[in-house]
Amino acid sequence: MTAEKTDPDKELLKKIGARIRDLRIERGYSNYEDCAYAFNINRVQFGRYETGQNLKFLSLVRLVRAFGITLEEFFSKGFED
């Protein structure tokens with residue numbers, strides 16, 4: 001029996017999702033639906049972002065802008081390894 005390898009792409013998407021969730025909570029939104037509504041983003045799609053599903057780069061850029069930060073600030077936490 002061999003050890004299962006982790007997919008680096010999936011791990012990165014999980015980190016992005018966790019960072020989005022952390023930013024949402026830092027901004028005082030207790031659930032993703034309220035945050036999605038405030039940012040004018042489809043709530044189902046926002047939920048997918050938080051769970052680490054694939055997203056387009058421009059969607060990430062728009063989301064980062066909605067949080068009022070830069071891409072550099074977004075990737076400054078949670079991506080150390």
For residues 43-70, which residue pairs pass the ring pair (Phe, Tyr, Trp, His ring centres under 6.0 Å) check, not counting sequence neighbours?
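Passing the test, one end in residues 43-70: F39-F67.
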Quick one: side chain to side chain contact (heavy atoms under 4.5 Å, CB included) partners of [X], sequence neighbours excluded?
{"X": "D9", "value": "D7"}
{"X": "S76", "value": "R19"}
{"X": "N31", "value": "E33, D34"}
{"X": "L12", "value": "I16, F79"}

Student check: side-chain heavy atoms of L23 and I69 closer than 4.5 Å
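Yes. Closest side-chain heavy atoms under 4.5 Å.
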Any side-chain heavy atom of V64 sitting closer than 4.5 Å to one from T70?
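A side-chain contact is absent here, since even the closest heavy-atom pair is not under 4.5 Å.
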Linked, directly or transitively: I20 and Y37 (ILVMFWY side chains, under 4.5 Å):
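No, no single cluster joins them.
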Test of understanding: clusters of I, L, V, M, F, W, Y form through side-chain heavy atoms closer than 4.5 Å, transitively. Do L63 and V61 belong to the same one?
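Per the 4.5 Å side-chain linkage, L63 and V61 are co-clustered.
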For N42, is the CG atom crowded, meaning more than 12 foreign heavy atoms sit under 6.0 Å from it?
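For N42, atom CG is crowded (more than 12 foreign heavy atoms under 6.0 Å).
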Determine whether more than 12 heavy atoms belonging to other residues, nucleotides or ligands lie under 6.0 Å from atom CZ of R65.
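Not buried by this count: 12 neighbours or fewer within 6.0 Å.
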About how many Å separate CD of Q45 and NZ of K56, when rounded to the nearest 0.5 Å?
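Result: 9.0 Å between the selected atoms.
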Please give me the minimum heavy-atom distance between R48 and T51, naming the atom from each residue.
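Answer, listing the atom of R48 first, then T51: O-OG1, 3.0 Å.
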What closest approach, in Å, do Y29 and A38 show between heavy atoms, and which atom pair accounts for it?
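For Y29 versus A38, the nearest heavy atoms are OH-CB, 3.3 Å.
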Verify, without hydrogens or angle tests, whether R43 (side chain) and A36 (backbone) share a donor-acceptor contact under 3.5 angstrom.
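Side chain of R43 to backbone of A36: no pair is present.
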Partners passing ring-ring contact (aromatic ring centres under 6.0 Å, His included) against Y32 (at least two apart in sequence or in another chain):
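Here no residue qualifies.
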